[in-house]
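This report concerns only the one structure given below.
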Number of protein chains: 2
Amino acid sequence: MKSYGQYCPVARASEILSQRWTLLLLRDLLGGIRRFNDLRRGVPLMSPSLLSRRLKELEKWGMVVRVRDPRSGAVEYHATPMALELRPVIDLLGAWGQRWVRNRLIDDELDVNLLMWDVSLRVDPNRFGPGQTVIGFEYTDRPRLKKDDWWVDKWWLVMADGESDLCLRDPGFEVDLHILTDLRTMTKVWMGDIPVRAALRSGGIELLGARALADSFEDWLPLSSHALHERPPDSLNLERILAAAQAGAAG
Amino acid sequence: MKSYGQYCPVARASEILSQRWTLLLLRDLLGGIRRFNDLRRGVPLMSPSLLSRRLKELEKWGMVVRVRDPRSGAVEYHATPMALELRPVIDLLGAWGQRWVRNRLIDDELDVNLLMWDVSLRVDPNRFGPGQTVIGFEYTDRPRLKKDDWWVDKWWLVMADGESDLCLRDPGFEVDLHILTDLRTMTKVWMGDIPVRAALRSGGIELLGARALADSFEDWLPLSSHALHERPPDSLNLERILAAAQAGAAG
DNA sequence: CAGTATCCGATGCGATACTG
DNA sequence: CAGTATCGCATCGGATACTG
């Protein structure tokens, strides 16, 4: 990618950050994701070779250090201070996107794997008391088929010892709470476009199982970190502004 | 450009903003630049056809409205609220770039036209009292040649009636203050990498002409809006961190 | 001044397969 | 699990010339 040829720091920053996928990788790295294959889960449409290249570039820029965990010997990518200081930028960018590009929830952007991965990362496993808690997710809009070795419509969230694990196959444990929903509804709830209560009332989300878990559902179900951002007030609606301007010019 | 396929607002924002040149255009649009050819000056390496395309895309996204000035009939591009709300993002991005990507001032990024354009945009023409004030810039590191119809090493900044004009040809007015400098020094001063006083003392900038203007030079010379951002403290220097970690591991 | 039309080249990137 | 190697296409974008 050719340089912008400008001393302006906005240009310099853009040269690094405007590379395809780079901001999404930083989003995940700042979220504490460190393993190659975990990073892959966050950008499923990115090829592994390109991911590898991007990580090398980030390392070259000094935003990532590749370290080997002395215990497990596993490779890990850690965000450096240079990357960590992008947090406000990325947060604001997300807030802006949520505010102004939220209007439509495009079908191409619905991704049940991504959603469940996000949920598993944000759920707080310590809210469930001691012992093990298993939540089963079932997407009623997906076929009840097994593909390879797992169901395409079922996920299990296993919480124990302060950790949460997302399982694609039946872990064999008893399920404490079943959640029945469809991908669009669950994604909208996750993004704050539908209140949890409304989804429960309308039947977009159904809960079966332990009463205590179901009753506290609204409390322990995590939402996207962007769920609470507000839409722009209607007074800033562009069509409105233009219409008003035209009416003013005419009158 | 293919979609990231993610409902995440960071991804959605990136799809729009990570297009090549787009952030730089928004930088200028938020800076109040509205005319096509003025926008061109801010991105001299961008082809006009691509600029045209990007402006259409911004319009499609609702970040720009193309309007015709009722008086002059000239075409203007105005930032919408959607674009204006990117200001904190772009400011933070610039601050981050200034902080972390400042180390080198690459020769390819030195651009005297860009620099003089920036200066002319940021200088406050009201600081010079009534009547007209003319500042002449002369870059001693450039050849004293005429190219086409203008000198390649000379610029004139004409301030009058609360406006400032950048001239490439000798406007014919008497010059109140001559500034002799070289591009690298002037750019470094502009970016806050050299204090004005230091440049004056070392002779990197020489002033000839009206005593009052020369004495107040430090006051009226504008600097880049990023000039005051701080470098990261040495404690965050990556090489230092790694060296310390290694020393710790060894010991 | 404010763009548009056309062309073509570089290369970014995706797909797939493969490896220690 | 953590990547690498290879291939080839699509397309982005730069250059140039032209227009009302």
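Within every chain, numbering begins at 1; the chains are lettered A, B, ... in the order of the sequence lines, protein sequences first and strands thereafter.
- The strand DNA chain C forms stems, runs of 3 or more Watson-Crick or G-U wobble pairs with distances below 3.5 Å, at C:1-20 with D:1-20.
- When distances run from any side-chain atom of A:Asn37 to the nucleotides C:dG3, C:dC1, D:dA2, the shortest one goes to D:dA2.
- Here D:dC1 presents its C1' atom at 16 Å from CD1 of A:Ile33, a figure rounded to the nearest Å.
- The CG atom of B:Leu51 sits 10 Å away from the C1' atom of C:dA2 (whole-angstrom rounding).
- Under 4.0 angstrom from either OP1 or OP2 of C:dC1 there lies no side-chain N or O belonging to B:Arg35.
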Filtered N/O pairs between nucleotides 11-14 of chain D and protein, under 3.5 Å:
unit_1: D:dC12; atom_1: OP1; unit_2: B:Met1; atom_2: N; d: 2.9
unit_1: D:dG13; atom_1: OP2; unit_2: B:Arg54; atom_2: NH2; d: 2.5
unit_1: D:dG14; atom_1: OP1; unit_2: B:Arg20; atom_2: NE; d: 2.9
unit_1: D:dG14; atom_1: OP1; unit_2: B:Arg20; atom_2: NH2; d: 3.1
unit_1: D:dG14; atom_1: OP2; unit_2: B:Trp21; atom_2: NE1; d: 3.4

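- Distance B:Leu39 CG to C:dA2 P: 10 Å, rounded to the nearest Å.
- Panel note: side chain B:Arg142, backbone B:Leu183; no donor-acceptor pair is recorded below 3.5 Å.
- Atom CZ of A:Arg68 is separated from atom P of C:dG20 by 16 Å (rounded to the nearest Å).
- B:Leu17 contributes atom CG, which lies 7.5 Å from atom CD1 of B:Ile90 (distance to the nearest 0.5 angstrom).
- Phosphate proximity of C:dG3 to B:Lys56: absent, as no side-chain N or O sits under 4.0 Å from OP1 or OP2.
- With sequence neighbours excluded, the residues that form a side-chain contact (heavy atoms from CB on, under 4.5 Å) with A:Ile106 are A:Arg104, A:Asp108, A:Glu109.
- Considering only residues two or more places apart in sequence or on other chains, B:Arg144 meets the salt bridge (charged side-chain N to carboxylate O under 4.0 Å, His left out) condition with B:Glu138.
- Using bins of under 30°, 30° to 60° and over 60° for the plane-to-plane angle, the ring pair A:Trp21/B:Tyr4 lands in the tilted bin.
- With rounding to whole Å, B:Phe36 atom CZ is found 14 Å from D:dT19 atom C1'.
- Remark: B:Glu76 pairs with B:His78 by the side-chain hydrogen bond (donor to acceptor under 3.5 Å, both in side chains) rule, at least two apart or across chains.
- A:Asp107 meets the salt bridge (charged side-chain N to carboxylate O under 4.0 Å, His left out) test with A:Arg184; sequence neighbours excluded.
- A donor-acceptor contact shorter than 3.5 Å links the side chain of A:Thr80 to the backbone of A:Gly62.
- Residue-level contact check: A:Arg40 touches neither bases nor backbone, having no heavy atom under 4.0 Å from any strand.
- Between the CZ atom of A:Arg41 and the P atom of D:dA2 there is a distance of 12 Å, given to the nearest Å.
- In this entry the distance linking CZ of B:Arg34 with P of C:dC1 reads 19 Å, nearest Å.
- Between A:Tyr77 and D:dG3 there is a side-chain polar atom (N or O) within less than 4.0 angstrom of OP1 or OP2.
- One atom, CG of B:Leu55, and another, P of C:dA2, lie 12 Å apart when rounded to the nearest Å.
- With no hydrogens or angles considered, a side-chain donor-acceptor pair links B:Gln6 and A:Arg27 at under 3.5 Å.
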